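Since the structure comes first, as structure tokens, the remarks are kept for the end.
Only this structure's heavy atoms are used, side chains among them; waters, hydrogens and symmetry mates stay out. The structure presented is a predicted model; accordingly, all values stated were derived computationally and were not measured.
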Amino acid sequence: MDWQPDEQGLQQVLQLLKDSQSPNTATQRIVQDKLKQLNQFPDFNNYLIFVLTRLKSEDEPTRSLSGLILKNNVKAHYQSFPPPVADFIKQECLNNIGDASSLIRATIGILITTIASKGELQMWPELLPQLCNLLNSEDYNTCEGAFGALQKICEDSSELLDSDALNRPLNIMIPKFLQFFKHCSPKIRSHAIACVNQFIMDRAQALMDNIDTFIEHLFALAVDDDPEVRKNVCRALVMLLEVRIDRLIPHMHSIIQYMLQRTQDHDENVALEACEFWLTLAEQPICKEVLASHLVQLIPILVNGMKYSEIDIILLKGDVEEDEAVPDSEQDIKPRFHKSRTVTLTHEAERPDSSEDAEDDDDDDALSDWNLRKCSAAALDVLANVFREELLPHLLPLLKGLLFHPEWVVKESGILVLGAIAEGCMQGMVPYLPELIPHLIQCLSDKKALVRSIACWTLSRYAHWVVSQPPDMHLKPLMTELLKRILDGNKRVQEAACSAFATLEEEACTELVPYLSYILDTLVFAFGKYQHKNLLILYDAIGTLADSVGHHLNQPEYIQKLMPPLIQKWNELKDEDKDLFPLLECLSSVATALQSGFLPYCEPVYQRCVTLVQKTLAQAMMYTQHPEQYEAPDKDFMIVALDLLSGLAEGLGGHVEQLVARSNIMTLLFQCMQDSMPEVRQSSFALLGDLTKACFIHVKPCIAEFMPILGTNLDPEFISVCNNATWAIGEICMQMGAEMQPYVQMVLNNLVEIINRPNTPKTLLENTGRLTSPSAIPAITIGRLGYVCPQEVAPMLQQFIRPWCTSLRNIRDNEEKDSAFRGICMMIGVNPGGVVQDFIFFCDAVASWVSPKDDLRDMFYKILHGFKDQVGEENWQQFSEQFPPLLKERLAAFYGV
């Protein structure tokens with residue numbers, strides 16, 4: 001006998017469904033409470049499925065809502081449904097997947113995949129066979145409903161479907177789906193492709209076995225009338241390009257021709273999918289050879305796609321020129337993520353890596369949704385990086401017409417093109433820049449706001465060149481105009497100008513010092529003018545300015561201009577306001593730059609940071625003990641506060657001592673260092689290192705407790721945490737001297753293991769944009785350990801000397817390198833045998849010094865000559881034959897060997 005609802009119960013459930021569609025918040029609250037009550041009854045879920053599948057007299061939104069509430073219940077506690085209830089729901093879903101209403105079919109499909117993803121694919125063995133069977137139904141609704149459900153299951157459980165756990169159902173499903181590529185209904189064809197597409201990226205075996213049929217079927221659908229089908233065909237080809245390019249290469253010419261057409265499809269969604277093809281192709285090694293002959297067609301298509309569409313302009317309020325007085329709506333403000341402090345070695349050899357700028361193509365944030373304009377611009381950017389100057393003959397003829405076009409939309413797209421190619425085609429663009437840059441600077445005062453804002457972005461992409469010219473040529477006019485745009489009446493222009501100015505600051509660094517007074521006047525004036533969102537970007541511009549000019553900012557007149565508005569904001573913001581993040585980051589840069597100039601402001605800033613850490617720890621504690629009563633804290637508050645404390649310790653140096661003395665920061669730090677969240681530990685170790693340098697007197701009493709924690713964090717799985725812990729240990733060594741001895745064994749083995757890891761990522765310091773050679777920080781810390789405790793470390797010399805030498809040869813002369821090399825020399829004194837096999841690496845590392853201090857040079861001299869005397873002239877000659885010529889020269893010149 002089938003389950004039947006009680007009439008009164010059914011009416012109650014229907015009333016609840018009606019009420020829950022009411023906009024009134026009080027009604028909503030009652031509904032939520034009622035739902036909680038009803039969920040106590042095991043067969044409440046039977047009522048919900050009954051309304052969804054059987055109650056055809058009710059309106060569709062109510063029936064669908066009943067299904068969605070049921071879906072949430074399944075998500076929350078399907079495990080506790082009594083078996084009869086679960087069985088009734090499953091059977092109803094399968095019996096009604098062909099409902100006449102597409103909304104109800106879709107709702108049942110969502111319900112099925114939710115049950116399936118609760119580990120039920122194994123427990124519901126008849127599900128897939130039944131759905132696949134229903135595909136054969138003559139009834140369109142049944143076929144479409146079953147396909148809809150299968151598509152959702154393929155999306156949610158693609159890995160499981162391709163595993164032995166279910167006996168590989170894909171072996172049956174994929175060939176089945178492929179048959180439907182030729183179905184007469186476009187909706188069904190579209191479902192079929194979408195289902196198969198889920199398995200391309202994971203290279204499912206069943207698909208790989210049928211790959212040629214799949215590709216053949218795709219080609220047959222290439223000119224389908226239905227845009228959804230064309231979109232799925234394009235999507236499939238883009239993914240195949242990534243995983244099975246070998247099968248596409250024979251057809252590459254015609255695929256490129258096809259994609260050129262589709263990138264101009266009347267349906268923007270199709271065009272967007274097709275445009276992704278160029279982005280993916282650019283990453284393939286064969287890009288250059290297969291695409292070179294098509295650039296003449298492709299470039300104009302991409303450039304054309306970079307114009308704002310009419311709908312974009314409406315969404316961007318492109319006709320509104322002045323909106324600076326309009327407050328921002330809160331949902332416009334994207335959440336900002338604070339990047340935890342990462343210790344870098346000072347004076348790394350390489351220039352900061354500018355590749356991250358390439359990500360800044362979001363010149364139209366309000367449409368942060370990916371669209372054809374952005375995709376076209378990104379494609380042009382990556383292709384410029386592949387083809388370099390070879391792109392220009394196809395572009396330059398177009399550019400002139402665009403940049404001077406009377407219609408602003410066209411002119412705007414030309415400026416975007418110029419910005420997109422900046423990175424890849426810089427060399428080839430140089431001859432044109434003396435003429436172009438002044439034109440772009442002129443565009444900064446265009447009457448259209450969207451032209452002014454894109455000009456800011458494009459100019460920032462050429463900042464490096466601008467700074468390389470005499471300052472009066474372009475830097476001064478650009479800076480003057482950008483500062484005017486920072487005070488523009490349009491919010492989008494203010495934002496673009498602030499971001500561009502931050503980029504210019506990074507490139508120009510101390511070149512800006514002569515103009516500091518003028519720059520600060522503008523930035524401080526903007527404080528009083530900006531709405532919420534742009535204030536956050538202004539903080540960034542001020543912080544970057546401080547990073548770029550450093551101690552030059554420490555002048556009474558500059559401090560007088562800058563600090564009052566910053567401190568006023570600081571006092572306005574409450575402890576739980578997320579706007580503190582960018583302000584704290586900004587103050588951290590300012591404190592580091594001002595050094596002693598920050599003293600008058602440091603006390604309240606220091607106290608508040610300590611309070612933020614304390615509050616967050618307390619809240620985390622309450623949450624751990626009573627998760628049902630308390631919210632989990634947002635630990636970003638603590639991380640940003642720890643980082644600002646680091647900035648203060650670094651900027652104020654010894655002056656921070658009395659602040660530390662009067663606070664419980666060391667106790668708090670002990671807790672933070674053991675936090676479960678890696679970013680918290682990362683920032684704690686950075687602060688520990690900075691406090692060790694600034695006021696070791698307060699760190700020393702804690703060393704016995706801190707060292708074991710540092711030792712357990714030497715885990716390269718969390719590379720930034722590991723790095724900062726390693727750096728802190730090195731700083732502690734330098735302060736502890738021989739008293740470090742009891743702790744050497746806690747950390748030495750881990751450090752040796754880290755330095756010997758073959759695949760340490762190229763950037764240990766990933767978020768500073770600087771590349772350091774792998775394991776530079778572990779090498780310095782091992783050297784410092786050996787400097788203070790040579791007897792303890794020297795016996796392991798042979799296990800680390802080779803990677804130690806290779807990781808420090810690329811680092812410029814500095815204090816850290818100096819102490820590390822003194823350590824290695826002392827260890828060689830204790831255990832000369834440990835270096836014999838790898839002596840050539842030691843010679844190479846020594847030769848990387850440009851100007852070592854005299855006593856260090858003497859240490860090198862003694863070791864090199866000692867080794868030479870030990871092996872004898874003849875053996876030394878043979879040995880030094882293996883040296884590269886440059887190394888031979890340097891050793892002969894500096895050390896006479």
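- Side-chain contact check for Ser453 versus Glu495: every heavy-atom pair is 4.5 Å or farther apart.
- Taking Arg54 as the reference, Asp2, Glu92 meet the side chain to side chain donor-acceptor pair (under 3.5 Å) condition, with sequence neighbours excluded.
- Side chains of Asp381 and Ile421 form no contact here, defined as non-hydrogen atoms less than 4.5 Å apart.
- Cation-pi geometry between Arg373 and Tyr308 is met: under 6.0 angstrom from the ring centre, within 45 degrees of the axis.
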Under 3.5 Å, sequence neighbours excluded: what are the donor-acceptor pairs made by side chains of residues 279-286?
{"unit_1": "Thr280", "atom_1": "OG1", "unit_2": "Glu276", "atom_2": "O", "d": "3.1"}

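- Taking Asn133 as the reference, nothing meets the side chain to side chain donor-acceptor pair (under 3.5 Å) condition, with sequence neighbours excluded.
- Ser66 is linked by a side chain to side chain donor-acceptor pair (under 3.5 Å) to nothing, counting only residues two or more places apart in sequence or in another chain.
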If you apply the rule side-chain hydrogen bond (donor to acceptor under 3.5 Å, both in side chains), what do you find for Gln261 with Gln257, and how did you get there? CA-CA 7 Å; Gln261 287 179 317; Gln257 284 302 331; over 6 Å; no

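- Take Phe718 and apply the ring pair (Phe, Tyr, Trp, His ring centres under 6.0 Å) test, not counting sequence neighbours, and it matches no residue.
- Enclosure of atom NZ in Lys75 is not indicated, since only 12 or fewer non-hydrogen atoms of other residues, nucleotides or ligands lie within 6.0 angstrom.
- For residues 81-117, the set of pairs meeting the ring-ring contact (aromatic ring centres under 6.0 Å, His included) definition, not counting sequence neighbours, comprises Trp3-Phe88, Tyr78-Phe81.
- Applying the ring pair (Phe, Tyr, Trp, His ring centres under 6.0 Å) criterion to His253, with sequence neighbours excluded, gives His294.
- Atoms NZ and CG, on Lys56 and Asn96 in that order, are 5.0 Å from each other to the nearest 0.5 Å.
- If you take CD on Glu216 and CG on Leu221, they are separated by 11.5 Å, rounding to the nearest 0.5 Å.
- Taking 4.5 Å as the limit, some side-chain heavy atom of Ile153 sits within range of a side-chain heavy atom of Leu127.
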Between side-chain atoms of residues 105-112 and protein atoms elsewhere (two or more places apart, or another chain), which donor-acceptor pairs fall under 3.5 Å?
{"unit_1": "Arg105", "atom_1": "NE", "unit_2": "Glu144", "atom_2": "OE1", "d": "2.7"}
{"unit_1": "Arg105", "atom_1": "NH1", "unit_2": "Asp99", "atom_2": "O", "d": "2.9"}
{"unit_1": "Arg105", "atom_1": "NH1", "unit_2": "Ala100", "atom_2": "O", "d": "3.4"}
{"unit_1": "Arg105", "atom_1": "NH1", "unit_2": "Asn141", "atom_2": "OD1", "d": "3.2"}
{"unit_1": "Arg105", "atom_1": "NH2", "unit_2": "Glu144", "atom_2": "OE1", "d": "3.1"}
{"unit_1": "Thr107", "atom_1": "OG1", "unit_2": "Ser64", "atom_2": "OG", "d": "3.0"}
{"unit_1": "Thr107", "atom_1": "OG1", "unit_2": "Leu103", "atom_2": "O", "d": "2.7"}

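- For Phe199, there are no ring pair (Phe, Tyr, Trp, His ring centres under 6.0 Å) partners at least two apart in sequence or on another chain.
- Judged by distance alone, the side chains of Asp156 and Ser117 never bring a donor and an acceptor atom under 3.5 Å apart.
- Take His77 and apply the ring pair (Phe, Tyr, Trp, His ring centres under 6.0 Å) test, not counting sequence neighbours, and it matches no residue.
- Looking at residues two or more places apart in sequence or on another chain, you find a salt bridge (Lys or Arg N to Asp or Glu O under 4.0 Å) between Asp212 and Arg247.
- Taking a 6.0 Å sphere around CD of Gln297, one finds it holds more than 12 heavy atoms contributed by other residues, nucleotides or ligands.
- For the pair Leu380 and Trp278, the minimum side-chain heavy-atom distance is 4.5 Å or more.
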Determine, step by step, whether Phe219 and His251 satisfy the ring-ring contact (aromatic ring centres under 6.0 Å, His included) criterion, reporting the C-alpha distance in whole Å, the side-chain angles of both residues, the deciding distance to 0.1 Å, and the verdict. CA-CA 10 Å; Phe219 288 168; His251 317 283; 5.1 Å; yes

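- For Gln179, there are no side chain to side chain donor-acceptor pair (under 3.5 Å) partners, not counting sequence neighbours.
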